[in-house]
Amino acid sequence: MSAAPRHRVALLYGLLLFFCGGADGSEVPPPQNVTTKTLNTNYTLSWDWAPGAAGTHAVTFTTQYVPKHELNRKPPNWITACNQTSHRSCDLTRFKLLFLGNFMLRVRATVDGRHSEWAQKEFCPYEEAFIGPPDVTLHVTGTSLEVIIKDPVFKYSELREVYTSATYNITYWKSSPKEEVKKILQMRQDQVVLSNLDPMSEYCVQVQIIYDMNPRPGEYSDVVCERTGDVDAAPWVAAVVAFVVMAAVVALVVALVVYWTRISKFLCPEVVLPPHFKESLLPANPSIYPVSLPSEHCDQVSIIADHRTEEEEEEGGCSTQPDTSQEGG
Ligand SMILES: *[C@@H]1O[C@H](CO)[C@@H](O)[C@H](O)[C@H]1NC(C)=O
Ligand SMILES: *[C@@H]1O[C@H](CO)[C@@H](O)[C@H](O)[C@H]1NC(C)=O
Ligand SMILES: *[C@@H]1O[C@H](CO)[C@@H](O)[C@H](O)[C@H]1NC(C)=O
Ligand SMILES: *[C@@H]1O[C@H](CO)[C@@H](O)[C@H](O)[C@H]1NC(C)=O
């Protein structure tokens, strides 16, 4: 790459016109005003051609290109991009010309089998390429504004492959009331959160892609505006509420596990029998059970119907009290 400035377009068309033999003056004029249009790696060569020069005949154009260093070869290996087409332009996009390359383009007119001279133009994509505006969308969450940047569509590669050092110039300002704040960030991420903005205020954002090596600044995106929400609507409030509820649930579960024995005792108290009663109930000493007493000592046993309701029976719940329907003498 030569360091010499290349922003001056080298238009070489028509400089080397040779009148060969001077037939009948029907020399085919070469294309004029040869220009390249470049946008997001779409490279199109276009030109003018003297109207009416072909008379009643149809005119076609042939466009060729060659990497500039190949011009030293004899003959250079010109590659035909558009062969005898009638349009006044040729789309070179599909040839994926090297972004950092240097090319020579040429085009000539053909009328009735006769060719014009070639009109040439030097082409350096990285110097001429024009970056279109990015697409910007905003998402409001409370008093934060998320800026989502979508790169313009590049025809044969991603923005980051071509413009490896490109950055976003993000400008935002408060528009209501008035323009109070105006800040500029330069970042590579395509998602930026502008936080701690004033609540219930309209903010506007505009983004531009900047590339150091490209002398032309990228096109500005449309200005997009959004109104911030209320502080109460901020997501952290919901987050805090959710956290508190979760913590309470966890604490409750832990407490239940730790104090389970105490709680179960409280809910279902053990029946405390007098010690002598317990002794007499010990199965190790079956002789003292009333049932095993000699039958002659038994009093008459009267069975009385139990009139208690089920609820009454279930009262006192967990421990089953021995039913005392039998009366010993
Ligand atoms: C490139 O841009 C031209 C208009 O300038 C358009 O006609 C053409 O379709 C584009 N090429 C591609 C590959 O999109
Ligand atoms: C080339 O461009 C100039 C300036 O725009 C214009 O006057 C002239 O007519 C153009 N040539 C042709 C052949 O259209
Ligand atoms: C261009 O088209 C002509 C006829 O239309 C054909 O003879 C010639 O071979 C073509 N050249 C290329 C490079 O395709
Ligand atoms: C970024 O954009 C602002 C306008 O929105 C402009 O004033 C500033 O010069 C730009 N920054 C760069 C480094 O181009």
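One-based numbering, in listed order, for ligands and for the atoms of each.
For Asp222, the CG atom counts as loosely surrounded, since its 6.0 Å shell holds 12 or fewer non-hydrogen atoms of other residues, nucleotides or ligands. Within a 6.0 Å sphere centred on CZ of Phe95, heavy atoms belonging to other residues, nucleotides or ligands number more than 12. Atom CG of Asn72 has more than 12 neighbouring heavy atoms from other residues, nucleotides or ligands inside a 6.0 Å radius. Shown here is His115, whose NE2 atom has more than 12 heavy atoms of other residues, nucleotides or ligands within 6.0 Å.
Heavy-atom contacts of Thr171 reach the following atoms of ligand 4: 2 (O), 3 (C), 4 (C), 5 (O) (cutoff under 4.0 Å). Proximity to Gln32 (heavy-atom distance under 4.0 Å) selects the following atoms of ligand 2: 11 (N), 12 (C), 13 (C). Short contacts between ligand 4 and Ile210, defined as distances under 4.0 Å to a heavy atom of the residue, involve ligand atoms 12 (C), 13 (C), 14 (O).
Ranking the protein heavy atoms by distance from atom 1 (C) of ligand 1 puts Asn42 ND2, 1.4 Å first. At the shortest separation from atom 5 (O) of ligand 1 among protein heavy atoms lies Thr44 OG1, 4.2 Å. Summary of contacts: the protein heavy atom closest to atom 8 (C) of ligand 1 is Asp91 OD2, 3.4 Å.
Residues Gln206 and Thr171 have side chains that never bring a donor and an acceptor to within less than 3.5 angstrom of each other. Side-chain atoms of Glu128 and Thr38 include no donor-acceptor pair closer than 3.5 Å.
Among the atoms of Lys37, none of the N or O lies under 3.5 angstrom from an N or O of ligand 1. Residue-to-ligand polar distances place Asn169 within reach of ligand 4: an N/O pair is separated by less than 3.5 Å.
Proximity of Lys37 to Phe130: side-chain heavy atoms (C-beta onward) are nowhere separated by under 4.5 Å.
For atom 14 (O) of ligand 1, a protein heavy-atom neighbour is present inside the 4.0 Å cut-off.
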